[in-house]
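Just so you know, these numbers use all the heavy atoms, side chains as well, and skip hydrogens, waters and symmetry mates.
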Amino acid sequence: AQSVTQLGSHVSVSEGALVLLRCNYSSSVPPYLFWYVQYPNQGLQLLLKYTSAATLVKGINGFEAEFKKSETSFHLTKPSAHMSDAAEYFCAVSDRNNDMRFGAGTRLTVKP
Amino acid sequence: EAGVTQFPSHSVIEKGQTVTLRCDPISGHDNLYWYRRVMGKEIKFLLHFVKESKQDESGMPNNRFLAERTGGTYSTLKVQPAELEDSGVYFCASSQGTRYNEQFFGPGTRLTVL
């Protein structure tokens with residue numbers, strides 16, 4: 001069975017600081033990994049996905065994530081946080097049937 | 001192009017009542033998924049339709065939950081009778097084709113069972 005674990009249910013950073021949201025996965029087959037973001041009162045929006053091509057994946061809004069097989073990790077980063085990045089972020093892994101398994105989410109707060 | 005829509009956005013019912021949630025996927029998307037998020041916990045997979053057929057319903061909690069997708073278009077998720085632990089946000093998503101394609105999510109239905 002596939003699963004993901006997100007370390008830290010809440011992360012707070014200052015505007016302009018580095019954003020690092022952690023995700024570790026467990027998978028018996030090569031994983032396909034995703035990061036989604038949910039802004040208040042909206043649905044989940046895809047930030048980026050890893051599908052076995054380049055290990056460093058660039059997404060929207062300046063976010064990127066690096067797939068590290070040796071560490072079973074897929075951490076999300078952004079060099080400089082913006083107030084508009086405040087949201088909840090979900091890491092997910094997909095199986096062959098495209099059935100998604102999500103982490104518990106990390107709520108990002110950005111302080112002025 | 002319209003995204004995934006869900007109705008209602010909020011529902012408050014009493015224990016023992018019935019509630020039906022509706023999801024309209026993006027036109028042309030054969031895959032339709034239901035997920036649920038109980039407060040503060042992970043988003044959990046409930047089931048997956050391919051057109052009108054249930055591809056995987058391994059996440060359905062119990063037989064009080066019934067999902068249908070008549071004609072392979074919109075889907076309904078009925079909870080009957082509702083229990084307190086059914087409270088949460090129910091998300092619907094749709095995707096095109098097969099294998100690792102992006103799932104597009106609706107805004108969710110927040111269900112509160114009192």
Side-chain angles (χ1 to χ4, degrees), chain A residues 1-10 21-27 29-54 57 59-60 65 67 74 87-107, chain B residues 1-10 21 23-26 29-51 53-60 67 88-110:
Chain A
Q2 297 178 304
S3 65
V4 292
T5 302
Q6 292 183 242
L7 301 176
S9 58
H10 290 83
L21 304 183
R22 299 177 187 274
C23 173
N24 288 87
Y25 69 89
S26 172
S27 177
V29 297
Y32 286 67
L33 295 159
F34 305 79
W35 275 99
Y36 280 84
V37 60
Q38 185 182 21
Y39 299 103
N41 301 316
Q42 295 185 28
L44 279 74
Q45 178 183 358
L46 182 68
L47 270 179
L48 50 82
K49 65 180 179 182
Y50 166 77
T51 56
S52 77
V57 182
I60 61 172
F67 172 71
F74 190 58
E88 192 158 19
Y89 293 79
F90 296 91
C91 182
V93 60
S94 177
D95 65 11
R96 290 184 178 86
N97 292 319
N98 212 25
D99 294 334
M100 205 86 71
R101 299 294 183 268
F102 286 87
T106 298
R107 186 169 297 280
Chain B
E1 180 183 328
V4 177
T5 59
Q6 292 186 245
F7 182 83
S9 57
H10 292 82
L21 313 180
C23 169
D24 286 78
I26 292 173
H29 282 192
D30 288 339
N31 296 289
L32 187 148
Y33 308 82
W34 282 100
Y35 296 88
R36 176 174 73 174
R37 188 182 191 203
V38 173
M39 175 95 63
K41 298 196 174 179
E42 72 270 24
I43 299 170
K44 281 203 164 182
F45 167 81
L46 296 179
L47 88 159
H48 170 200
F49 283 100
V50 178
K51 297 184 180 178
S53 300
K54 292 176 184 174
Q55 173 80 13
D56 181 355
E57 53 183 329
S58 61
M60 294 287 266
V89 181
Y90 290 77
F91 291 103
C92 175
S94 71
S95 71
Q96 198 170 37
T98 58
R99 290 209 172 201
Y100 319 119
N101 288 324
E102 178 182 353
Q103 293 185 22
F104 294 85
F105 281 77
T109 293
R110 182 174 296 279

Counterpart residues, side-chain contact (heavy atoms from CB on, under 4.5 Å), relative to S58(B) (two or more places apart): R101(A), F45(B), D56(B)

Interchain contact, E88(A) with chain B, by part (heavy-atom threshold 4.5 Å): side chain

Neighbour count above 12 (heavy atom, 6.0 Å) for K54(B) NZ: yes

Gap separating the CD atom of Q38(A) from the CZ atom of F105(B), nearest 0.5 angstrom: 9.5 Å

Gap separating the OH atom of Y36(A) from the CZ atom of F91(B), nearest 0.5 angstrom: 12.0 Å

Residue part contacting chain B, namely of Q6(A), when any heavy atom lies under 4.5 Å: neither

Y39(A) OH: over 12 foreign heavy atoms closer than 6.0 Å: yes

Heavy-atom pair with the smallest gap, counting every atom of E42(B) and F102(A): CB-O, 3.6 Å

Heavy-atom pair with the smallest gap, counting every atom of K49(A) and E102(B): NZ-N, 4.1 Å

R110(B), part contacting chain A, at a heavy-atom distance under 4.5 Å: neither

